Peer 1: 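Here it is, the structure, as structure tokens.
Because only heavy atoms are used, hydrogens play no part in the values below, and waters and symmetry mates are left out as well, while side chains stay in. Fair warning: this is a prediction, and the values are worked out from it, not measured in the lab.
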Amino acid sequence: MDNRIGEMETFLAVARGGSFAAAAKQMRLTPSAVSRAIARLEARLGVVLIRRTTRALALTAEGEAYRDRVAGLVAEIDEIERSIGHAQEGPRGKLRVNASVPFGSLYLIPILPRFMEACPAVTLELALNDALVDLVEERADIAIRIGPLRDTRLKAKKLGRSAMVLVASPDYLAKAGEPRHPDDLDRHRLLTFSFRRSLDSWPFRIGGKVVQRPVEGAFLGNSGEAVRLMALAGGGIARIGRFHAAPDLAAGRLVSVLDAFNAGDGEDIHALYVGHERLSLRVRAFLDFLEEHLVLPG
């Protein structure tokens with residue numbers, strides 16, 4: 001009988017490590033044994049999964065699709081084996097969670113001690129990063145995403161919604177004056193984003209209609225945290241999620257402006273995870289924990 005699970009694990013190790021040598025080290029095999037396992041797998045499937053060059057390895061389109069499908073399957077098998085004999089002991093094992101820096105620092109970290117107390121057999125690994133990581137490649141279990149969802153391979157659990165708000169520091173407004181109408185923004189410094197999905201216009205509700213007003217940033221930041229810090233420093237007016245600005249607004253470090261013209265738009269906040277029929281106990285426990293304990297500003 002062929003060792004299909006072993007070949008899947010070897011393939012995933014190659015996909016993660018980027019070479020047969022790295023996979024061999026992880027799997028405690030020789031590079032030639034790894035090469036033979038991949039060859040058997042490709043022969044059985046009848047497709048090329050890995051394109052080999054003299055300098056590097058790269059997954060083909062079929063290889064990427066196979067990686068995405070089997071990663072969840074192998075994880076589920078691992079979970080089943082770990083759970084044997086521990087069915088009554090609750091969630092256990094390592095849980096890898098990814099979130100943006102502001103969301104993680106403001107809303108996750110303050111409640112994580114309660115999760116660790118409730119699930120003492122779970123080892124929690126938290127990565128805060130403003131870049132969008134690939135859950136499969138990074139071997140993350142859950143990622144918190146703010147904004148539109150694009151990865152159709154993943155399941156999503158909605159955690160809430162954050163309204164958008166225009167903010168500035170009291171010092172900046174004392175010097176530049178507070179805008180009373182969106183047209184007043186022409187004489188203000190605006191703080192915007194540099195990443196590709198950012199908008200070059202801000203919506204305002206004027207005369208009962210939502211109007212998109214073109215904006216040109218005097219400062220462009222590559223993250224919400226960079227824009228927030230620039231607003232705190234008196235750099236100008238920023239448009240960021242209320243979840244991000246809430247502590248500063250409450251403390252008076254930032255002030256909201258043009259509230260009467262707020263378009264009422266916002267960004268959904270989701271917990272994303274690799275979807276397969278049987279979620280591990282630790283993933284399900286963390287999703288349930290977030291639903292019960294996560295508190296977001298209105």
Peer 1: Are side-chain heavy atoms of I237 and V167 found at a separation under 4.5 Å?
Peer 2: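 No, side chains not in contact.
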Peer 1: Say you draw a straight line from CZ of F103 to CG of L296; how long is it, rounded to the nearest 0.5 Å?
Peer 2: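 Between F103 CZ and L296 CG, I get 5.0 Å after rounding to 0.5 Å.
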Peer 1: Donor-acceptor check, side chain of S162 to backbone of G241, threshold 3.5 angstrom: yes or no?
Peer 2: no
Peer 1: So, D68 side chain and A65 main chain: donor-acceptor pair closer than 3.5 Å or not?
Peer 2: no
Peer 1: Compare all side-chain heavy atoms of L258 with those of L185 and state whether any distance is below 4.5 angstrom.
Peer 2: yes
Peer 1: Is the gap between the ring centers of H293 and F115 under 6.0 Å?
Peer 2: no
Peer 1: Does M164 offer a backbone N or O that forms a donor-acceptor pair with the side chain of N262 under 3.5 Å?
Peer 2: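 Yes, the answer is positive, given that a donor and an acceptor are paired below the 3.5 Å cut-off.
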Peer 1: For R69, does the CZ atom have more than 12 heavy-atom neighbours from other residues, nucleotides or ligands under 6.0 Å away?
Peer 2: no
Peer 1: Are V34 and V48 grouped together when hydrophobic residues (ILVMFWY) are joined by side-chain heavy atoms under 4.5 angstrom apart?
Peer 2: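 No; tracing contacts between hydrophobic side chains, which count when under 4.5 Å, never links both residues.
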Peer 1: Parallel, tilted or perpendicular: which one describes the rings of F243 and Y107, with boundaries at 30° and 60°?
Peer 2: tilted
Peer 1: Which atom pair, heavy atoms only, marks the closest approach of S169 to G234?
Peer 2: OG-CA, 3.4 Å
Peer 1: Would you say Y66 and L45 make side-chain contact, with heavy atoms under 4.5 Å?
Peer 2: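 Yes, close enough: below the 4.5 Å cut-off.
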Peer 1: Please step through salt bridge (charged side-chain N to carboxylate O under 4.0 Å, His left out) for the pair D288 and K157, ending with a clear verdict.
Peer 2: CA-CA 10 Å; D288 292 343; K157 180 182 182 66; 5.0 Å; no
Peer 1: Considering all heavy atoms of both residues, which atom of A285 and which atom of C119 are nearest to each other, and what is their separation?
Peer 2: CB-SG, 4.2 Å
Peer 1: Please say whether more than 12 non-hydrogen atoms of neighbouring residues, nucleotides or ligands are located less than 6.0 Å from CZ in R28.
Peer 2: no
Peer 1: Of all the heavy-atom pairs spanning L106 and H244, show the shortest one and how long it is.
Peer 2: CD1-O, 3.9 Å
Peer 1: Does any non-hydrogen side-chain atom of V210 lie less than 4.5 Å from one of P203?
Peer 2: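 Answer yes - side chains close enough.
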Peer 1: Roughly how far apart are T192 OG1 and E216 CD, rounded to 0.5 Å?
Peer 2: 9.0 Å
Peer 1: Do the side chains of R67 and L59 get nearer than 4.5 Å, heavy atoms only?
Peer 2: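 Heavy-atom side-chain distance check passes, below 4.5 Å.
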Peer 1: Using only atom types and a distance under 3.5 Å, with no angle test, would you say the side chain of S105 pairs donor to acceptor with the backbone of V101?
Peer 2: yes
Peer 1: Does atom CZ of R51 have more than 12 heavy-atom neighbours, drawn from other residues, nucleotides or ligands, at distances under 6.0 Å?
Peer 2: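 It does not: R51 CZ has 12 such atoms or fewer within range.
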Peer 1: Between I50 and T60, is the side-chain contact (heavy atoms from CB on, under 4.5 Å) condition met? List the steps.
Peer 2: CA-CA 6 Å; I50 299 175; T60 62; over 6 Å; no
Peer 1: Between E225 and R228, is the salt bridge (charged side-chain N to carboxylate O under 4.0 Å, His left out) condition met? List the steps.
Peer 2: CA-CA 5 Å; E225 184 67 357; R228 181 188 74 91; 2.8 Å; yes
Peer 1: Taking the side chain from R213 and the backbone from P182, do they hold a donor-acceptor pair closer than 3.5 Å?
Peer 2: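 Answer holds: yes.
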Peer 1: Are L191 and L220 packed together at the side-chain level, in the sense that at least one heavy-atom pair is separated by less than 4.5 angstrom?
Peer 2: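 When only atoms from C-beta onward are counted, L220 and L191 do not touch, as no gap falls below 4.5 Å.
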Peer 1: When you look at E7 and R44, which way does the side-chain contact (heavy atoms from CB on, under 4.5 Å) test go after all the steps?
Peer 2: CA-CA 11 Å; E7 290 172 0; R44 187 173 68 251; 2.7 Å; yes
Peer 1: In Å and rounded to the nearest 0.5 Å, what is the CG to CG distance from L232 to D248?
Peer 2: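 Atom-to-atom, L232:CG and D248:CG are 4.5 Å apart.
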Peer 1: To the nearest 0.5 Å, tell me how far R282 CZ sits from T123 OG1.
Peer 2: 9.5 Å
Peer 1: Counting only N and O atoms by type, is there a donor-acceptor contact under 3.5 Å from the side chain of Y172 to the main-chain atoms of R189?
Peer 2: yes
Peer 1: Does the D141 side chain pair with the main chain of V97, one donor and one acceptor, at a distance under 3.5 Å?
Peer 2: no
Peer 1: Kindly determine whether M230 and F219 satisfy side-chain contact (heavy atoms from CB on, under 4.5 Å), including the steps that lead there.
Peer 2: CA-CA 8 Å; M230 191 64 176; F219 170 86; 3.8 Å; yes
Peer 1: Is a donor on one side and an acceptor on the other found under 3.5 Å between the side chain of R52 and the backbone of A58?
Peer 2: no
Peer 1: Identify the heavy atoms of Q212 and S201 that sit nearest to each other, and give their distance.
Peer 2: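 Heavy atoms only, the tightest pair is OE1-OG, 2.9 Å.
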Peer 1: Any chance you could measure L95, atom CG, to L281, atom CG, to the nearest 0.5 Å?
Peer 2: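 Separation between the atoms: 11.5 Å.
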Peer 1: Can you see which heavy atom on A121 is nearest to which on P91, and at what distance?
Peer 2: CB-O, 3.5 Å
Peer 1: How far does CG of L124 sit from CG of L108, to the nearest 0.5 angstrom?
Peer 2: 9.0 Å
Peer 1: Kindly indicate, with the supporting measurements, whether the criterion side-chain contact (heavy atoms from CB on, under 4.5 Å) is fulfilled by I38 and F20.
Peer 2: CA-CA 9 Å; I38 298 301; F20 287 168; 4.1 Å; yes
Peer 1: Are V255 and L249 close enough that some pair of their side-chain heavy atoms sits under 4.5 Å apart?
Peer 2: no
Peer 1: Should L173 and D171 count as side-chain neighbours, where that means a heavy-atom distance under 4.5 Å?
Peer 2: no
Peer 1: Is the side chain of R205 donor-acceptor paired with the backbone N or O of V211 at a distance under 3.5 Å, no angle test?
Peer 2: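 Between the backbone of V211 and the side chain of R205 there is no qualifying donor-acceptor contact (under 3.5 Å).
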Peer 1: Determine whether a donor-acceptor pair (N or O, by modelled atom type, separation under 3.5 Å) exists between the side chain of H188 and the backbone of L190.
Peer 2: no
Peer 1: Taking all heavy atoms of L287 and all of A271, pick out the closest pair and write down the distance.
Peer 2: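 Taking every non-hydrogen atom into account, CD2-CB, 3.8 Å.
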